[in-house]
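Step one of this worksheet: look at the structure below.
Lettering follows sequence order; numbering is per chain, from 1. All values below were derived from every heavy atom in this structure, side-chain atoms included, with hydrogens, water molecules and symmetry-related copies excluded.
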Number of protein chains: 2
Amino acid sequence: MYHNLLKHIRQYIEIDDKQEIILETYIKTIKLKKKALLLHYGQICTSLFFVEKGCLRMYFIDSKANEQTTQFAIDKWWISDYMSFINKSPSDYYIQAVEPSEILFVEKNNLEKLLFQIPSLDRYFHIIMQKNLAASQQRIKYLYEMSKEELYFYFINSFPEFAQRVPQFMIASYLGLTPEYVSELRKKLQ
Amino acid sequence: MYHNLLKHIRQYIEIDDKQEIILETYIKTIKLKKKALLLHYGQICTSLFFVEKGCLRMYFIDSKANEQTTQFAIDKWWISDYMSFINKSPSDYYIQAVEPSEILFVEKNNLEKLLFQIPSLDRYFHIIMQKNLAASQQRIKYLYEMSKEELYFYFINSFPEFAQRVPQFMIASYLGLTPEYVSELRKKLQ
DNA sequence: CGCGGGTTTGATGATGCTCAAGCCCGGTGG
DNA sequence: CCACCGGGCTTGAGCATCATCAAACCCGCG
């Protein structure tokens with residue numbers, strides 16, 4: 001169950017057998033059914049989550065009671081509400097399994113112990129967060145430079161496998177448009 | 001000139017006198033006049049920039065030849081085009097001084113040496129990037145939940161000092177609206 | 001088989017953009 | 001010290017994009 005995470009970490013730093021065991025004592029696993037929640041609005045987000053297999057999404061409920069998806073995580077991505085994690089403040093978000101998923105997670109106090117025992121993990125997380133930030137910068141750029149129509153077609157063409165795995169209305173809300181408008185755009189394709 | 005940076009680093013990790021000297025050998029300084037460029041479209045962004053004093057903005061030119069500001073950095077913030085920095089790819093962005101500024105910067109190869117000699121800096125950057133990511137998540141949430149009008153008033157009320165230091169048209173483009181529309185909104189205030 | 005979540009359709013309309021023109025004001029050169 | 005220049009801000013008319021709302025439809029799942 002730790003296979004993908006270990007592989008991922010070893011892309012960036014060296015982990016020997018002893019350290020591997022330490023890791024496995026501090027990192028927990030959980031299997032989720034479709035639609036199961038990892039984090040609920042109002043809870044404090046005390047963990048960083050790693051998608052070993054499956055797909056998660058992060059969303060909040062806006063003033064009109066719509067679910068607004070702000071992030072997806074698949075494959076070997078980390079996800080968390082960092083504001084809540086850092087400040088121990090109640091989260092505005094839900095984190096939910098889009099499909100049956102296997103998740104690894106480190107709780108904050110365990111992360112501290114882990115970083116103390118394997119300091120090079122700071123390097124790993126430094127690199128991961130930096131990549132995350134790069135992705136986030138690019139996403140913001142796309143949001144600023146493209147119309148909603150362009151955004152949708154760009155997304156569909158860039159991540160066609162995504163359009164298969166994830167329902168339309170989640171993609172719509174991730175791109176900041178209504179399901180009705182997505183419908184209209186899809187009709188254009190014929 | 002290194003005062004704010006050192007203070008900032010010491011908020012998170014310990015730096016002794018020897019390490020302080022190492023830091024100062026690898027981190028360079030530059031003073032910028034208003035409107036001077038730190039990074040130009042097409043260049044590879046080889047440094048991380050720290051605002052010791054002043055204000056920077058990051059922008060790109062969109063398909064209609066408008067400047068789109070995607071980020072500001074003041075005070076003790078780090079800024080960079082992380083995509084370009086990580087992949088050594090040509091940047092889409094300009095980074096420019098909004099006002100006369102004092103900037104510190106680490107070049108990529110120097111950062112590697114620095115992290116080798118002071119491994120705890122990985123912890124510092126881990127924390128910094130995590131905070132950056134938290135801010136970025138919150139920004140995206142605001143972009144999704146507020147109308148342009150709400151965004152503008154929220155921004156003005158939350159960062160009134162910003163509205164003083166930065167010209168209207170930059171704030172407009174940072175929030176993704178036209179200067180004309182900002183005008184209209186300001187008129188509403190009377 | 002029937003229910004319900006997700007998608008489609010179409011009519012209507014608001015938000016916020018475009019374009020063109022004028023204005024204000026601070027900086028620069030004569 | 002004044003005049004001019006030009007960048008930035010304002011104004012207003014017209015309009016495109018995209019949201020809203022209501023209804024029907026489709027299909028997978030219990």
Side-chain angles (χ1 to χ4, degrees), chain A residues 33-37 55 57 59-70 72 94 96-100 142-156 160 162-190, chain B residues 33-37 55 57 59 61-69 72 94 96-100 142-156 160 162-190:
Chain A
K33 292 184 204 167
K34 196 171 164 174
K35 295 197 183 176
L37 289 177
C55 179
R57 69 165 177 143
Y59 67 93
F60 66 96
I61 309 286
D62 70 14
S63 54
K64 290 164 206 145
N66 292 115
E67 292 179 1
Q68 290 285 358
T69 302
T70 58
F72 289 109
Y94 300 78
Q96 185 190 48
V98 173
E99 49 188 52
Y142 288 144
L143 288 175
Y144 277 71
E145 80 181 325
M146 298 193 206
S147 69
K148 304 267 164 147
E149 178 171 343
E150 288 168 329
L151 255 189
Y152 177 72
F153 289 124
Y154 170 79
F155 184 84
I156 291 302
F162 230 91
Q164 255 69 57
R165 287 169 72 175
V166 177
Q168 299 294 334
F169 79 99
M170 286 187 196
I171 293 177
S173 100
Y174 176 70
L175 298 175
L177 27 85
T178 59
E180 292 94 330
Y181 190 53
V182 168
S183 258
E184 208 175 316
L185 292 176
R186 298 184 75 206
K187 200 166 42 165
K188 275 198 185 178
L189 278 183
Q190 276 70 335
Chain B
K33 291 184 205 167
K34 195 171 165 174
K35 295 195 181 176
L37 289 177
C55 179
R57 69 165 177 145
Y59 67 93
I61 309 285
D62 70 14
S63 55
K64 289 164 208 146
N66 292 114
E67 292 180 0
Q68 291 285 357
T69 302
F72 290 109
Y94 301 77
Q96 186 190 47
V98 173
E99 48 187 54
Y142 288 143
L143 288 176
Y144 277 71
E145 79 182 326
M146 298 193 207
S147 69
K148 306 265 163 145
E149 178 171 345
E150 287 169 328
L151 255 188
Y152 177 73
F153 289 125
Y154 169 80
F155 184 85
I156 291 301
F162 230 90
Q164 255 67 58
R165 288 169 72 175
V166 176
Q168 300 293 336
F169 78 99
M170 286 187 197
I171 292 177
S173 99
Y174 175 71
L175 298 175
L177 26 84
T178 59
E180 292 94 330
Y181 190 53
V182 168
S183 257
E184 208 174 318
L185 292 176
R186 298 185 74 205
K187 201 166 39 165
K188 275 198 185 179
L189 278 184
Q190 275 72 334

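- If you measure from atom NZ of B:K35 to atom C1' of D:dG6, you get 10 Å, rounded to the nearest angstrom.
- Put simply, A:R186 has a side-chain N or O that comes within less than 4.0 Å of OP1 or OP2 on C:dT8.
- Of the options B:Y59, B:F155, B:Y152, a ring-ring contact (aromatic ring centres under 6.0 Å, His included) to B:Y174 is made by B:F155 and by none of the others.
- Under the 3.5 Å distance criterion, the side-chain polar atoms of A:T69 are left unmatched by any main-chain donor or acceptor of A:S173.
- Put simply, CD on B:Q168 is 17 Å from P on C:dC24, counting in whole angstrom units.
- Residue B:K188 contributes atom NZ, which lies 18 Å from atom C1' of D:dC9 at whole-angstrom precision.
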Notebook entry, point to check: In B/S/- notation, 5' to 3', how is nucleotides 13-30 of chain D contacted by protein heavy atoms closer than 4.0 Å?
Noted result: -----BSBB---------
Margin query: Working note: B:Y142 + B:E150, criterion side chain to side chain contact (heavy atoms under 4.5 Å, CB included); need CA distance, chi angles, decisive distance, verdict.
Written below: CA-CA 9 Å; B:Y142 288 143; B:E150 287 169 328; over 6 Å; no
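- The one candidate from A:K34, A:K35, A:R165 that meets the side chain to side chain donor-acceptor pair (under 3.5 Å) condition with A:E99 is A:R165.
- Within the structure, a side-chain polar atom (N or O) of B:K187 is placed less than 4.0 Å from OP1 or OP2 of D:dG12.
- Summarising the geometry, the separation between OH on A:Y144 and P on C:dG16 is reported as 14 Å, rounded to the nearest angstrom.
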Margin query: Under the criterion side chain to side chain contact (heavy atoms under 4.5 Å, CB included), I'd like the reasoning laid out for B:I61 against B:Q68: C-alpha separation, chi angles, the key distance, then a yes or no.
Written below: CA-CA 6 Å; B:I61 309 285; B:Q68 291 285 357; over 6 Å; no
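- Without hydrogens or angle criteria, B:D62 side chain to B:K64 main chain gives a donor-acceptor distance under 3.5 Å.
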